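For clarity, every value in this text was computed on a predicted model and none was experimentally measured. All values below were derived from every heavy atom in this structure, side-chain atoms included, with hydrogens, water molecules and symmetry-related copies excluded.
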Amino acid sequence: MKRRIGFLFPPGFQALDLMATTVFEIANGLDGGPFYDMTMLSEHGGVLASSSGVGVFTEAFDRRDYDTLIVAGIMTPVGFKSSAPFLGFLREASDASRRTASICTGAFILAEAGLIDGRRATTHWALARDLQRAYPKSRIEEDRIYINDGRVWTSAGMTACIDLCLAMVEEDLGKDASKHIARQMVVYHRRSGGQSQFSALLELEPKSDRIQQALTYAKSHLRRPLSVDELAEAANLSTRQFSRSFRLETGQSPARAIEVLRVEAARAMIETSNHSIDVVARETGFADPERMRRAFLRAFGQPPQAIKRAAREQAALA
């Protein structure tokens, strides 16, 4: 029996979110398929225009018996208000479904419907804090590719919908099926839900040349202890001035920022080399592998060994 998937589109949805349908389309071509029956839904039906002007033909929502309900995102979610019928359908269909998901800023619509109250969720990193402020009953994690909290799934920005849907297919049909689909789509199989959405240096990008100079120095000298005094010297500032300016410009303490840089460098080494965990820890400035493990759990929700295994699996598929 095919699983019924309802894609629910708000007015002005992001056209890129239509990529999610491709994962299930390819799954339908696997042996034993088709496995999924996809329906495009909107409040009034007909051709619904996306934010880019590209339209998709939709059916007006009526039936509620969907195995999976996936809500697309919109370009400007802050201040957006869904109609009462839209939210009513979403709540009722979600109650009847096995799982409900959002793509990117679709998390704002799930939140509007009260579906992520008391749950962990994610969205595009640039809007995560807006979502948290608007819906404080939820726990928004801004550095995750996707999150599965019970029967509610949420994904990060735009292309993360592929990771989300591959994870769904893996849950339904097994890992081999999702691997095959990833190969067909020429995408990574599959970025873990805990993988960070953004580069550390891009996220930390400071306003002044002096703080940037200190960060550049830190990234080039990760094996060193990198005390605040050392970083302040690299920035040509007093320790007090440096600490105050650093937090104002990056929103983080120097110690936290250095850990982020070390974790990012360590992950890159793990994924692109055959170095042991001990060597990676030493080369990236962690005092010992256990300290690095704890940092990875904070950053990615999984230990270095799990990331190393995933990198080996991906290499085997190449």
For a side-chain contact (heavy atoms from CB on, under 4.5 Å) check, start with the C-alpha distance between M40 and E59, then their side-chain angles and the critical distance, and finish with the verdict.
CA-CA 6 Å; M40 310 296 112; E59 297 181 14; over 6 Å; no
Tightest non-hydrogen contact, residues A128 and I140, listed as O-CG2, 3.6 Å
E259/R262 ion pair, N-O < 4.0 Å
no
Are Y66 and V56 in one and the same hydrophobic cluster, where Ile, Leu, Val, Met, Phe, Trp and Tyr link if side-chain heavy atoms are under 4.5 Å apart?
no
Rounding to 0.5 Å, atoms SG (C104) and CG (D17) come to a distance of 6.5 Å
So does I26 get a backbone contact from the side chain of Q184, meaning a donor-acceptor N/O pair under 3.5 Å?
no
Using 0.5 Å steps for rounding, measure from the SG atom of C165 to the CD1 atom of I181.
9.5 Å
Nearest heavy atoms of A101 and M168, plus distance in Å:
CB-CE, 3.4 Å
Give a yes or no answer on whether the side chain of D117 reaches the backbone of S138 with a donor-acceptor pair at less than 3.5 Å.
no
Please report the closest heavy-atom contact between S253 and R247, naming both atoms and the distance.
CB-NH2, 3.1 Å
Provide the closest heavy-atom pair for P77 versus L127 in the form atom of the first, atom of the second, distance.
CG-CD1, 3.7 Å
Residues T154, T123; criterion side-chain contact (heavy atoms from CB on, under 4.5 Å); working and verdict
CA-CA 7 Å; T154 51; T123 187; over 6 Å; no
Considering only heavy atoms from C-beta outward, does the side chain of F286 approach that of V263 to under 4.5 Å?
yes
Start with the C-alpha gap between E283 and R223, add the side-chain angles, then the distance that decides, and say whether side-chain contact (heavy atoms from CB on, under 4.5 Å) holds.
CA-CA 6 Å; E283 291 297 315; R223 290 190 66 178; 3.4 Å; yes
E230 and Y217 side chains, donor-acceptor separation under 3.5 Å
yes
Got F108 and T76 here, is their nearest side-chain heavy-atom distance under 4.5 Å?
no
Within the structure provided, determine whether D229 and F242 are in side-chain contact (heavy-atom separation under 4.5 Å).
no
Can we say E171 and R98 salt-bridge, meaning some charged N sits less than 4.0 Å from an Asp/Glu carboxylate O?
yes
Check whether the side chains of Q212 and T216 place a donor and an acceptor atom closer than 3.5 Å, and report yes or no.
yes
Any idea which heavy atoms bring A160 and S155 closest together, and the distance?
O-CB, 4.0 Å
Run the side-chain contact (heavy atoms from CB on, under 4.5 Å) test on F35 and L30 for me, step by step, so that the C-alpha distance in whole Å, both residues' side-chain angles and the decisive distance to 0.1 Å come before the verdict.
CA-CA 9 Å; F35 301 100; L30 298 176; 4.0 Å; yes
State plainly whether one hydrophobic cluster holds both I109 and F13, where clusters connect Ile, Leu, Val, Met, Phe, Trp and Tyr through side-chain heavy atoms under 4.5 angstrom apart.
no
Within the supplied structure, the quantity of interest is the number of heavy atoms (other residues, nucleotides, ligands) at a distance under 6.0 Å from D95 CG; does it exceed 12?
yes
Quick one: are R99 and V152 in side-chain contact, heavy atoms under 4.5 Å?
no
Test item: S52 side-chain N/O and A15 main-chain N/O as donor-acceptor pair under 3.5 Å:
no
Non-hydrogen side-chain atoms of F24 and I70 separated by less than 4.5 Å:
yes
Going by atom types alone, do S208 and E249 pair a side-chain donor with an acceptor below 3.5 Å?
yes
Flag side-chain contact, heavy atom, 4.5 Å: I277 against M292:
yes
Whether the side chain of S94 engages the backbone of R91 through a donor-acceptor N/O pair (distance < 3.5 Å, no angle test) should be reported.
no
Between T284 (side chain only) and A266 (backbone N and O only), is there a donor and an acceptor less than 3.5 Å apart?
no
Are any of the side-chain nitrogens in D130 or R133 under 4.0 Å away from the carboxylate oxygens of its partner?
yes
Please verify the inter-ring angle class for Y146 with W153; under 30° counts as parallel, over 60° as perpendicular, anything in between as tilted.
parallel
How long is the straight-line distance from CG of L131 back to NE2 of H124, given to the nearest 0.5 Å?
13.0 Å
For the residue pair F61 and L8, establish whether any side-chain heavy-atom pair is separated by less than 4.5 Å.
yes
Steps toward side-chain hydrogen bond (donor to acceptor under 3.5 Å, both in side chains) verdict (S50, Q14):
CA-CA 6 Å; S50 69; Q14 291 178 321; over 6 Å; no
Quick one about E112 and S82 (side-chain donor to acceptor, distance below 3.5 Å, no hydrogens or angles considered), yes or no?
yes
Atom pair OG (S102) and CG (L115), whose distance is rounded to the nearest 0.5 Å:
9.5 Å
Between A214 and A234 the two heavy atoms that sit nearest each other are CA-CB, 4.4 Å
Rounded to the nearest 0.5 Å, how far does CD of Q132 lie from NZ of K137?
13.0 Å
From T21, T68, L69, T39, residue fulfilling side-chain contact (heavy atoms from CB on, under 4.5 Å) relative to I5
T68
Less than 4.5 Å apart, side chain to side chain, heavy atoms only: is that true for R119 and R151?
yes
Less than 4.0 Å between a side-chain N and a carboxylate O, is that true for E264 and R267?
no
Any salt bridge between D37 and R4, counting N to O under 4.0 Å?
yes
Should E170 and K175 count as an ion pair when the cut-off is N to O under 4.0 Å?
no
Please tell me whether L48 and I103 are part of a single hydrophobic cluster in this structure, the criterion being side-chain heavy atoms less than 4.5 Å apart.
yes
Would a single hydrophobic cluster contain both L248 and L231, if residues Ile, Leu, Val, Met, Phe, Trp and Tyr are joined by side-chain heavy-atom contacts under 4.5 Å?
no
ILVMFWY network linking M75 to F86, side-chain heavy atoms under 4.5 angstrom
no
Would you say CG of D176 has more than 12 non-hydrogen atoms from neighbouring residues, nucleotides or ligands within 6.0 angstrom?
no
Y36-D67 side chain donor-acceptor pair, cut-off 3.5 Å
no
Heavy-atom neighbours of H221 NE2 exceed 12 at 6.0 Å:
yes
Tell me, yes or no, whether the heavy-atom count around D209 atom CG, taken from other residues, nucleotides or ligands under 6.0 Å, exceeds 12.
no
The reported gap from CE in M19 to CD1 in I162 (rounded to nearest 0.5 angstrom) is 4.0 Å
